[in-house]
Every structure is written in structure tokens, then in C-alpha cells.
Amino acid sequence: MDDVEGTPAVAVPGAVRARARRDIPMSSSSVLGQAAARLVIAGTMGPTVHDVHAWRLKVVDGLIEVHADPERFRAMGDPAGRGLHISCGAALVNLRLAAAQIGRDAVVRLLPDAARPAVLATVRLAAGRHKVNKDDRLLYAATLTPFPARRSPVGTPPSLPVVNVLAEAARLEGATLHLLPSADPDEPAEGPRQAVITTPGNGPAEWLRAGQALQRVLLTATTKAVAASFLYELVDVPGVGGLAEAGDVPQVALELCQALKGPVLRDDERQGHRERVG
């Protein structure tokens, strides 16, 4: 794949190149050109449902459509596809960041066609140039790091200013990050702090927004040297009732701690790192 001006070179494993070719019809290559393949590949880099990418990205009439893939989706324990929507929302953040790296704004519509509920979102590259800012570059660089495992992270609690930065990341995606109270408020906090992402309402659109908030929080955490683990199969979240607004619904629980490894720096983004896929 040829380099695109203003972005680092992309190294794509053969299996991913083959998947991208299947997902992008040849007739659409003239619409989005090189950008289409880059964006499709970026969409494979978010948190997944049970380690399976249960969505497909297709380029149609100048749009990238995000489709639920029934052949990959495992409905057991999640018949409504809540986890699928959350992980798809995370992929949308990566698509938007990838678009920014090539100087374009990505316009996202969630659930654009009621007659086709399997189309979870569409992404269109807006006309005109987008000036990439430092935050875009840092977040894009953060997508190169491995995603958190289900086990609890190890370290000290993140500082309140850092937590506020993570909360702002969630707010930008239409969600709220709540830091849950310590078990014993009279004792100094040790180890990871628990938090929860909530949305106003609970349905497919809110699940997609929760996924976008989760991914932006995870990427922002990486830039701040904060380790995180998350869980979206929620039944009850003790302590959130007194924090959330009426009608807010917990979507994702997180554990956060200040990691020993340093944050993602701007220099990291400029040293020819290759995109990590899958």
C-alpha cells in the first residue's frame, strides 16, 4: 500500500490485507481510494466481542458502512447484541482518528437506516481538509498499544487531574465517566480505582455511544500512562446510584491505575511506528 501524505507507513499482515480486500468492493476503490483501505484496517483495532470482530466494513457510494456480521456474532448470553454495539462504537473512534491522520473529518451517523438494522453506522469523509492536532496524533499513536486484558491492572490510583481528563474524554462521546467511591473513604486509596461509564438511556444508539466513550477513555488513558481493564457484561454497579443522573444507565465498568510505563509521547508517534492490527 502506498503511503498517504502526513501519516506513518502502514504494515498490514497478509490475512488483514485479504480481509480488507473482501470488505472493499473493487468498484468502490475510486470513491475513497487509498483512504478506504486505511480506514477499514483501523476499524479492526478496537476492543472486540469475545475476541471476534463481529462487524464488517463495506464501502458503498462514498460511505463506509459498518454492518453487524451474524456469522461472527455469538448471541449466547447477549441476544440483543449489546456487546457487539459497544465494540463497534470503539471501532468508530479508530476510523475517525485514522481519517484525521490523512487530513479529513469523518462524519458518523449511528443507525442511519431503520429498514436495515444490521447497518450500525456510516462514516463519510467530509469535504475540505482537517488540520491534525496534537491530541489526534497522540490518540492515534495509542491505538498501537495492546488492548487491556480482563485481569485487574497493577499500580497506584490515578490522580484526580488525570481522572478528570478521562472523564472529559467520555463526555466528548456523549457519555459520563463516574469514579466510584472507595470502600473505606477514611483510608487512603491503594491499587486500581473503579469507575463506570454511563449513558442517558439504554438502547442500540446508547450502546454505540458507550463504545465510542470506552475507546476514547482507553486511548486517553494510554497517553497518560494509566493502565485499564474493562467489563461490559454489567448486572449491577454498587455505588453508582448516588453519582449518576436520573435515567443514566451503567454501560461499562473499568479499573484504572497509574502504570509504571511512561505515557505515549509525541515523539513516539513520529518514529515510524507501524499500525498494529488485530
Side-chain angles (χ1 to χ4, degrees), residues 39-57 64-70 72-75 77-100 106-112 117-123 139-140 142-143 145-150 166-178 195-222 228-234 237 240 244 248-256 277-278:
L39 298 183
V40 168
I41 291 166
T44 69
M45 295 161 61
T48 59
V49 179
H50 307 302
D51 299 320
V52 175
H53 289 101
W55 63 87
R56 296 185 70 85
L57 304 173
I64 294 179
E65 292 185 341
V66 185
H67 290 249
D69 188 345
R72 300 179 188 176
F73 173 57
R74 301 171 184 174
D78 187 19
R82 180 175 169 276
L84 165 63
H85 286 74
I86 288 176
S87 58
C88 175
L92 289 172
V93 172
N94 288 342
L95 287 171
R96 288 157 47 197
L97 289 172
V107 180
V108 176
R109 289 186 61 196
L110 304 180
L111 305 171
V119 180
L120 304 182
T122 59
V123 180
L139 293 176
Y140 185 72
T143 66
T145 64
F147 298 111
R150 291 297 181 97
L166 301 182
E168 176 63 11
R171 188 193 68 80
L172 290 173
E173 301 296 343
T176 305
L177 178 72
H178 304 276
V196 63
I197 292 174
T198 65
T199 59
N202 191 33
E206 287 75 29
W207 303 336
L208 288 165
R209 292 190 183 96
Q212 291 182 94
L214 170 63
Q215 181 69 345
R216 186 169 287 273
V217 167
L218 293 177
L219 296 178
T220 303
T222 299
S229 66
F230 67 91
L231 182 69
Y232 58 80
E233 302 97 332
L234 299 184
V237 182
V240 74
D248 281 3
V249 177
Q251 300 290 357
V252 184
L254 300 100
E255 289 189 326
L256 307 167
V277 180

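Legend: residues meeting side-chain hydrogen bond (donor to acceptor under 3.5 Å, both in side chains) with R96, ordered by chain and number and at least two apart, are E173, Q212. The side-chain hydrogen bond (donor to acceptor under 3.5 Å, both in side chains) test applied to D69 returns R72, not counting sequence neighbours. With sequence neighbours left out, the salt bridge (Lys or Arg N to Asp or Glu O under 4.0 Å) criterion links R109 to no other residue.
In terms of heavy atoms, A205 sits closest to L111 at N-CD1, 3.6 Å. Shortest non-hydrogen contact noted between A99 and A106 is CB-CB, 3.9 Å. The two atoms that bring L95 and L39 nearest to each other are CD2-O, 2.5 Å, heavy atoms only. The two residues E206 and N202 come nearest to each other via the heavy atoms OE1-C, 3.7 Å. Shown here for I86 and Q251, the closest heavy-atom pair between the two residues is CD1-O, 4.2 Å.
Looking only at side-chain heavy atoms (C-beta outward), T122 and I64 stay at 4.5 Å or farther from each other. Residues I197 and P250 fail the side-chain proximity criterion, which asks for heavy atoms closer than 4.5 Å. No side-chain heavy atom of T199 sits under 4.5 Å from any side-chain heavy atom of T176. Counting only heavy atoms from C-beta outward, the side chains of V252 and V196 never approach each other to under 4.5 Å.
With hydrogens and angles ignored, the 3.5 Å screen pairs a side-chain donor or acceptor of R82 with a backbone N or O of Y232. Of the possible donor and acceptor atoms, one in the side chain of T222 sits under 3.5 Å from a partner among the backbone N and O of L218.
Rounded to the nearest 0.5 Å, atoms CG (N94) and CG (L219) are 6.0 Å apart. Once rounded to the nearest 0.5 Å, the distance linking CG of L84 with CH2 of W55 reads 8.0 Å. Taking NE2 of H178 as the start and OG1 of T198 as the end, the distance is 3.0 Å to the nearest 0.5 Å. Atom-to-atom distance recorded for S87:OG and L214:CG is 9.5 Å, nearest 0.5 angstrom. Atom CG of L177 is separated from atom CG of L254 by 6.5 Å, given to the nearest 0.5 angstrom. Put simply, CZ on R216 and CG on L92 are 12.0 Å apart, with the number rounded to the nearest 0.5 Å.
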Going through the checks in order, is the side chain to side chain contact (heavy atoms under 4.5 Å, CB included) test met by L110 and L120?
CA-CA 6 Å; L110 304 180; L120 304 182; over 6 Å; no
